[in-house]
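All of these numbers come straight from a predicted model, not from anything done at the bench. Below, chain A is the first sequence line, B the second, and so on; all start at residue 1.
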2 protein chains.
Amino acid sequence: MTDAAETGETSSRRRLPPSERRRQIVDGAVAFFAEVGLDGNTRDLAKRIGVTQSLLFNYFATKDDLIEAVYEKVYLGRLSPDWPERLTDRSVPLRRRLLDFYTEYSTLIFEYEWMRIFMFSGLYGAELNRRYLKHLGDVILKPLLGEIEHAATSGASPVMEDIWNLHGGIVYIGIRQHIYRTPCPDDPSEAITRAVDRFLMSFGIGEG
Amino acid sequence: MTDAAETGETSSRRRLPPSERRRQIVDGAVAFFAEVGLDGNTRDLAKRIGVTQSLLFNYFATKDDLIEAVYEKVYLGRLSPDWPERLTDRSVPLRRRLLDFYTEYSTLIFEYEWMRIFMFSGLYGAELNRRYLKHLGDVILKPLLGEIEHAATSGASPVMEDIWNLHGGIVYIGIRQHIYRTPCPDDPSEAITRAVDRFLMSFGIGEG
DNA sequence: ATTTTTATAGATCATTTGATCAATAAAGTT
DNA sequence: AACTTTATTGATCAAATGATCTATAAAAAT
């Protein structure tokens, strides 16, 4: 079976608009590097996409540039800008807000490519990774802390580490699934609901 | 500065007993691969250890064999065999047992080399990684579930995913510290204590 | 002291791999 | 239909890299 056959191409040399070809390369690179790691080689990547290896360097000067594009692609739009607002909308019960957020967020991030690229880029010290986590902390988790503080009725008041703990416990489901590839619930929503409820209960937050 | 100077060697050719040299190589490889990733090259590794690159292949037939030795070294003895017993010793309050376990366990695993080798090996699908997690689940977390069930006084009874959630929330501290290299508490024990207490409280478990 | 053994170094091989460049053909233009 | 443009290919380079092999010197054995 030829590469052309694999990608459904019919001619051996298909000429695409540069923007489209670029997108195709980045998409292929995301899938490829997520699977084999960022040290995957450009020949295997090209074969998988169905183009020549040299073509990659027509669109990206270096392999690092391509990886940078992979980062951008994967990280882009992962954090919806309307969440800060929705998370602090006190006309909605806090439990509802939390569940809505983590239900949406988990479907966004419990995804093979994102999870693995995120982890690889983190391990290799990518700037984007740290920026993302700082951003997450600033625009999601810090406001969340404020909401918990506001709603808390029991004596103990939450600190930032508590929020990270809630977050980490949930994210860890995705890590088990896509990094360690260990048995996991197919639908994490129940586990998430239980985690959120435990968290709220511990601060004396009920239905309000 | 020569390599010999870096490692404190005086002669340019120091002859060591094979067992000692092997240990030196594995130790160096653990530190090296943890830092730069498993795709780090053998020349840099050898330079760092202070030996020639060819010597590595006198002790390990292939680079993969060396990495396998790195895995063994890092994974070995990470799960103390007496924890299952201590975790189920009902003469000790459950809270105490949980705190003791996670205090000890976190000092063991919140370690640069372990955290990163574990993550790299997980990403690359190492068999040892999955074996370790299965073992952890079987001999630590499952018994833990039994203890929570036994002590729970509130209506809701715990399921295995709840235990993984507790565990993941704690492990995530180490991930933030060593994988993402993001700001973290220097001493995680307070965060751990709070997480454990929240967890117990949500199942109606107090001081008993 | 002399010989033997073997841990280590240095040189080198064979692939792998990122990157380059001229030739080519597919699409657009006149 | 002829011409121009340029996306793509195929061949190739240069460096990196895992691995091998022989010479050597540091111990051990005699």
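Note on B:Y59: only backbone sugar-phosphate atoms sit closer than 4.0 angstrom, heavy atoms only; bases stay farther off.
Under 4.0 Å is where a charged nitrogen must lie from a carboxylate oxygen, and between A:R86 and A:E104 at least one such pair does. Salt bridge annotation for B:E35-B:R48: present, with a cationic side-chain nitrogen under 4.0 angstrom from a carboxylate oxygen.
Two residues, B:F57 and A:P18, neighbour DNA chain D, and the one matched to the more 5' nucleotide by heavy-atom proximity is A:P18. Ranked by how close their nearest DNA chain C nucleotide is to the 5' end, A:T62 and B:P17 are led by B:P17. Take the nearest nucleotide of DNA chain D for A:R15 and for B:T42: the residue whose nucleotide is more 5' is A:R15.
Distance B:F33 CZ to D:dG18 C1': 11 Å, rounded to the nearest Å. Taking atom NZ on B:K63 and atom P on D:dA19, their separation rounds to 8 Å, with Å as the unit. When rounded to the nearest whole Å, the span between CZ of B:F60 and P of D:dT20 equals 15 Å. If you measure from atom CG of B:D44 to atom P of D:dT17, you get 7 Å, rounded to the nearest angstrom. Between the CG atom of A:L55 and the P atom of D:dT12 there is a distance of 20 Å, given to the nearest Å. Atom-to-atom, CZ of A:R13 to C1' of D:dG10 comes out at 9 Å; the value is rounded to the nearest Å. Taking atom CD of residue B:Q53 and atom C1' of nucleotide D:dA16, one finds them 11 Å apart after rounding to whole Å. For the pair A:N41 CG and D:dT17 C1', the computed distance is 13 Å after rounding to whole Å.
A distance-only check finds no donor-acceptor pair linking the side chain of A:R176 to the backbone of A:C184 [under 3.5 Å]. B:N129 places a side-chain N or O within 3.5 Å of a backbone atom of B:F118 that can act as its donor or acceptor partner.
Taking only side-chain nitrogens and oxygens, A:R21 comes nearer than 4.0 Å to OP1 or OP2 of D:dT8.
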